**Student:** 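Before we start, here is the structure in question, set down as structure tokens.
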Amino acid sequence: MIKFILGRLSYLIPTFIGITIVAFGFVRILPGDPVLLMAGERGMTPEHYQDMMARLGFDRPIWEQYLEYLWKLLHGDFGNSIVTKQPVLSDFLTLFPATLELAFCAIVIAVVIGVPIGVLAALKRGSWFDQVTMTSALVGYSMPIFWWGLLLIIFFSGVLGWTPVSGRVSLLYYFPTPTGFMLIDSLMSGQKGAFASAASHLILPSIVLATIPLAVIARQTRSAMLEVLSEDYVRTARAKGLTPRRVVGVHALRNAMIPVITTIGLQVGVLMAGAILTETIFSWPGIGKWMVDSISRRDYPVVQSGLLLIAGIVMVVNLVVDLLYGLINPRIRHS
Amino acid sequence: MKLRTSLLAASAMMAMVAGGASAKTLIYCSEGSPEGFDPAPYTSGTTFDAAARTVYSRLVEFSPGTTSIVPGLAESWTISEDGLEYTFKLRAGVKFQTTDYFTPTRDLNADDVIFSFDRQGNADNPFNQYVAGISYEYYTSMGLDTMIKSMEKVDDLTVKFTLNAPNAPFLADLGMDFASIVSKEYADKLMADGKGADFNNQPIGTGPFVFVAYQKDAVIRYKANPDYFGTKPMIDDLVFAITTDAAVRAQKLKAGECHVMPYPAPADIEALKSDPNLTVMEQAGLNVAYLAYNTLEKPFDDARVRKALNMAIDKQAIIDAVFQGTGMVAKNPIPPTMWGYNDAIMDDAYDPAAAKQMLADAGVSDLHMNIWAMPVQRPYMPNARRTAELMQADLAQIGVTAEIVSYEWGEYLKKSTELDRDGAVILGWTGDNGDPDNFLNVLLSCQAAGEGGANRSHWCNEEFSDLLAKAALSSDIAERTRLYEQAQVIFKDQAPWLTIDHSTVFMPMSTKVTGYVMNPLGTHAFDMVDITE
């Protein structure tokens with residue numbers, strides 16, 4: 001097992017270096033730069049432009065900038081935003097709990113609803129339930145997130161008035177947020193109604209963010225389940241006279257879960273991408289919105305280090321999934 | 001309805017927390033996150049609203065709803081005969097804000113004023129680079145770096161600025177956000193503690209609101225400044241709820257989650273107007289959108305060609321289609337709400353037949369040109385691509401084929417200043433300080449016509465530029481008005497631009513909000529606002 005873990009870890013180093021190059025290069029390949037955007041309609045003389053670029057250190061050869069970036073990274077320095085002048089790491093740590101809280105709720109919704117739907121659809125293959133849920137899953141998967149989010153806001157917040165429009169908690173509550181997780185902080189605040197307010201603010205964004213993973217998980221569970229149900233050991237289990245519940249719940253589902261867990265792991269990357277749009281619509285102060293703002297301002301240090309941190313998290317999650325996979329599937333562990 | 005009830009309950013609770021039965025909280029759905037809380041290094045209105053208009057005040061202020069200059073921290077001032085010396089008498093007893101991170105030991109004095117400008121203009125000032133790489137864009141671009149010769153503390157409450165040459169817009173410049181007065185005592189303390197960067201995170205000023213907390217990208221909280229030297233704000237707490245999407249802002253306003261929102265999407269305005277719980281204030285924006293020809297390139301170096309093209313474009317159709325009928329056709333490069341506007345000028349009438357003839361007279365046939373359409377929405381131009389398409393269709397009527405080009409915004413801004421730019425560029429301007437010089441000189445003078453300058457028609461008319469220079473030297477408004485009016489006649493005659501529109505700015509708010517005054521300079525201030533329950 002240790003060899004397996006070390007093997008997986010050794011993949012991380014080249015991947016990590018690759019990401020630094022992509023993250024560093026990506027934002028610089030985009031046309032435009034922070035100084036031009038700062039000058040706006042007013043324009044800037046070529047001399048002043050050069051001076052500003054020099055002040056920010058962007059006038060030096062690109063490889064020199066990259067090596068300096070790498071050197072600082074090795075020393076734990078993720079750089080400072082050129083706009084807000086704040087350290088990128090501290091901004092990331094401030095904003096990440098918001099994204100994590102949202103992503104966690106979304107994945108819980110996706111799993112809790114997606115897996116049973118997939119199982120039921122597989123068991124009732126070809127039935128109207130199967131048809132309706134799988135068609136809905138396809139629709140959910142193809143849904144433009146921005147449009148979907150706005151639609152839910154207009155209907156549930158605007159027309160029905162059931163849910164708040166955006167934000168993390170009603171602004172009339174004001175309490176310290178030591179953990180950054182609003183559900184926890186609102187509970188700790190002891191203010192009456194704060195937790196309910198935080199929870200109600202999570203409903204719509206979680207549903208929106210969960211939509212695509214839910215569709216994927218439901219479809220994946222269904223096909224994995226169908227495959228397993230036709231295996232010999234399931235037939236044997238049935239022949240033995242086990243109850244259908246036991247056959248499905250113990251023998252089939254456990255084996256069907258192996259590919260589903262991988263899928264769930266892969267959805268973390270999807271959640272990060274989805275967070276960009278979801279956070280923008282719901283004014284959710286997380287890292288997705290932060291990245292969008294920083295890209296549009298061409299805030300190079302934030303974009304390059306932010307991407308690296310996000311990629312790092314996705315990598316770690318995938319590693320955990322890999323290990324988990326090894327744990328539940330001995331064939332992988334021993335190969 | 002349930003939600004509103006819970007909001008009310010929460011509000012009542014907040015009132016108890018605040019210790020008073022009638023704490024009034026105004027929630028403003030702001031359009032973005034501030035870049036920082038020191039207004040000097042930044043250029044965006046979002047930052048100015050969050051920092052300059054709340055926490056800080058300036059030597060002079062723009063009277064609410066106008067662009068006229070009124071006393072601020074300076075209770076009076078004198079300008080020497082030669083226009084070189086500005087002596088400001090400061091108000092006595094003005095207190096910097098007391099917060100949990102700073103308690104001032106003295107009142108505002110001349111040292112603070114000198115420090116506020118010196119730190120921006122003097123690279124040797126120890127606070128100039130209080131965080132590495134910081135620059136003071138407005139100080140430089142408004143020309144204060146070359147304008148100010150010296151600053152002198154005459155006594156504790158008197159400060160004298162000496163200029164290198166007379167400059168009438170100087171006074172208006174001092175009312176701008178970057179010229180906010182900061183506390184030297186606070187800066188010194190932060191430096192001594194090695195925490196200079198906090199200056200940009202935890203502001204201390206003399207303005208109507210005290211900074212309480214900023215939760216990044218989510219909420220900014222302020223409370224009324226009990227020591228404010230002006231009329232005390234009527235609300236107790238001011239909250240900025242950062243909401244970047246315009247459609248979501250509108251929904252929040254409708255749902256009662258905020259009281260005021262800026263920048264509604266044009267498509268939402270009708271629905272907001274029809275909501276009985278909301279009012280939509282509107283005001284002519286202090287802005288202009290234009291199509292700038294490259295007057296260095298043939299055949300656009302010929303004023304007759306430019307004028308012919310101007311006559312071929314139906315500007316009213318653009319207002320109707322792109323601005324949904326709001327806004328007005330522009331005939332001058334400055335908006336009509338600004339002093340110095342020459343209303344006697346007749347716009348070039350929309351007349352395709354005459355335009356065609358004029359082109360033929362100028363010896364131009366089979367003209368192909370590019371129209372640059374910017375990729376972003378700006379307050380003066382919600383949809384440049386659509387505008388360009390309408391122009392394209394109009395020009396086709398007189399036999400001119402136009403191709404629409406666009407670039408990424410930063411590239412667009414840069415490439416559009418290049419001297420050999422191929423084509424006419426759609427762009428615009430929003431006033432900084434209400435002075436005509438801030439439009440005419442910045443956008444059309446010879447001085448701004450070089451590469452990188454804001455004069456994107458590269459039009460350099462000596463007579464026009466001389467009039468502007470003369471106007472800048474005079475501090476007599478009547479005299480300046482006369483000179484600017486003359487300059488506008490030359491502009492119209494030479495037609496370096498097609499002046500497109502002056503847009504209308506909308507400000508939807510709850511009917512509970514009273515006393516809100518729209519600011520023609522586009523900033524948002526809440527010191528005079530009240531809220532009824």
Side-chain angles (χ1 to χ4, degrees), chain A residues 30-34 36-49 52 55-57 80 82-86 91 94-95 98 150 153-154 157-158 161-168 170-174 177 191-194 196-197 200 280-286 289-290 293 298, chain B residues 1-4 6-7 9-11 13-14 17 25 27 32-33 35-36 43 131-135 137 140-141 197 200-201 213 215-219 221 239 241-245 247-248 251-252 254-255 257 378 407-411 413-414 417 427-429 442 448 450-454 456:
Chain A
L30 293 177
D33 64 53
L36 289 175
L37 291 170
M38 209 184 284
E41 282 94 336
R42 181 179 296 279
M44 204 177 250
T45 62
E47 301 79 52
H48 188 40
Y49 174 78
M52 292 283 289
R55 249 172 215 247
L56 297 168
N80 286 3
I82 54 174
V83 177
T84 66
K85 314 290 178 196
Q86 299 294 311
D91 275 357
T94 308
L95 298 171
L150 214 48
I153 290 181
I154 290 172
S157 313
W162 290 355
T163 49
V165 178
S166 76
R168 290 186 76 191
S170 165
L171 294 175
L172 298 169
Y173 293 106
Y174 178 40
T177 51
Q191 292 191 15
K192 203 178 154 205
S197 173
S200 69
T280 304
I281 309 168
F282 289 96
S283 319
W284 197 265
K289 188 161 169 282
W290 179 55
D293 289 350
R298 300 290 184 276
Chain B
M1 206 52 225
K2 225 175 191 174
L3 172 74
R4 284 195 192 139
S6 68
L7 284 184
S11 152
M13 198 179 58
M14 276 291 290
V17 172
T25 302
I27 302 178
S33 307
E35 298 150 300
T43 54
V131 281
I134 204 164
S135 61
E137 209 34 51
T140 316
S141 59
N200 202 16
N201 304 329
Q215 215 180 326
K216 189 171 166 54
D217 292 348
V219 192
R221 291 177 187 276
V239 179
I242 297 164
T243 313
T244 37
D245 188 79
V248 175
Q251 286 297 328
K252 274 180 92 77
K254 282 188 188 174
E257 287 180 30
R378 302 294 283 167
Y407 298 92
E408 181 280 333
W409 184 224
E411 283 293 293
L413 291 167
K414 183 181 176 193
T417 73
L427 211 63
W429 185 254
V442 173
E451 185 153 339
R456 284 173 165 88

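Atom set for the values below is all heavy atoms of this structure, side chains included, hydrogens, waters and symmetry mates excluded. Everything quoted here is computed from the prediction, not taken from an experiment. Lettering of chains follows the sequences in order, A, B, ..., and the numbering in each one begins at 1.
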**Student:** Pick from B:A132, B:A241, B:A218, B:S141: which one has the most heavy-atom pairs with chain A under 4.5 Å?
**Tutor:**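 Most heavy-atom pairs under 4.5 Å with chain A: B:S141.
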**Student:** What part of A:I281 is in contact with chain B, defined as an atom under 4.5 angstrom from a non-hydrogen atom: side chain, backbone, both or neither?
**Tutor:** both
**Student:** I'd like to know whether B:T244 forms a side-chain contact (heavy atoms from CB on, under 4.5 Å) with A:K289, so could you lay out the CA-CA distance, the side-chain angles of the two residues, the decisive distance to 0.1 Å, and finally the verdict.
**Tutor:** CA-CA 9 Å; B:T244 37; A:K289 188 161 169 282; 3.5 Å; yes
**Student:** List the atom of B:D245, the atom of A:T280, and the distance in Å for their closest heavy-atom pair.
**Tutor:** CB-O, 4.4 Å
**Student:** Is there a donor-acceptor pair under 3.5 Å between the side chain of A:K85 and the backbone N or O of B:N200?
**Tutor:** no
**Student:** Could you check which of A:I82, A:L56, A:I154, A:T177 has the highest count of heavy-atom pairs closer than 4.5 Å to chain B?
**Tutor:** A:I154
**Student:** How far apart are the C-alpha atoms of A:R42 and B:L413, what are their side-chain angles, what is the distance that settles it, and do they pass the side-chain contact (heavy atoms from CB on, under 4.5 Å) test?
**Tutor:** CA-CA 9 Å; A:R42 181 179 296 279; B:L413 291 167; over 6 Å; no
**Student:** When heavy-atom pairs shorter than 4.5 Å are enumerated against chain B, which of A:M52, A:R55, A:E47 gives the highest number?
**Tutor:**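 Among A:M52, A:R55, A:E47, the one with the most close pairs to chain B is A:R55.
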**Student:** Are side-chain heavy atoms of B:Q215 and A:T94 found at a separation under 4.5 Å?
**Tutor:** no
**Student:** Measuring heavy-atom distances to chain A, does B:V248 have an atom under 4.5 Å in its side chain, in its backbone, in both, or in neither?
**Tutor:**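 Its backbone and side chain both get close to chain A.
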**Student:** Select one option (side chain, backbone, both, neither) describing which atoms of B:E137 are under 4.5 Å from chain A's heavy atoms.
**Tutor:** side chain
**Student:** Check side chain to side chain donor-acceptor pair (under 3.5 Å) between B:S33 and all other residues, then give those that pass, not counting sequence neighbours.
**Tutor:**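 Listed in chain order: B:D217.
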**Student:** For A:L30, is it the side chain, the backbone, both or neither that has a heavy atom under 4.5 Å from a heavy atom of chain B?
**Tutor:** neither
**Student:** Is any side-chain heavy atom of A:V165 closer than 4.5 Å to a side-chain heavy atom of B:T243?
**Tutor:** no
**Student:** Say you draw a straight line from CD of B:E257 to CG of A:L171; how long is it, rounded to the nearest 0.5 Å?
**Tutor:**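 Between B:E257 CD and A:L171 CG, I get 8.0 Å after rounding to 0.5 Å.
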**Student:** At a 4.5 Å cut-off on heavy atoms, which part of B:I242 comes close to chain A: side chain, backbone, both, or neither?
**Tutor:**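 For B:I242, backbone and side chain are both near chain A.
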**Student:** Can you tell which part of A:W290 gets under 4.5 Å to a heavy atom of chain B, answering side chain, backbone, both or neither?
**Tutor:**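 For A:W290, backbone and side chain are both near chain B.
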**Student:** Taking B:R456 for the side chain and A:E41 for the main chain, is one N or O donor matched with an acceptor at less than 3.5 Å?
**Tutor:**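 Checking the backbone N and O of A:E41 against the side chain of B:R456, a donor-acceptor pair under 3.5 Å is found.
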**Student:** Of the non-hydrogen atoms in A:P285 and B:K216, which two are nearest, and what is the gap between them?
**Tutor:**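 Distance-wise, the nearest heavy atoms are CB-O, 3.5 Å.
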**Student:** I'd like to check A:R298 versus B:E408 (side-chain heavy atoms, cut-off strictly below 4.5 Å). Are they in contact?
**Tutor:** yes
**Student:** Search all heavy atoms of A:Y173 against all heavy atoms of B:R221 and return the closest pair with its distance.
**Tutor:** O-NH2, 3.0 Å
**Student:** Nearest 0.5 angstrom please: A:I153 CD1 to B:Q251 CD, how far?
**Tutor:** 7.0 Å
**Student:** Could you tell me which residues satisfy side chain to side chain donor-acceptor pair (under 3.5 Å) with A:D293, sequence neighbours excluded, listed by chain and number?
**Tutor:** none
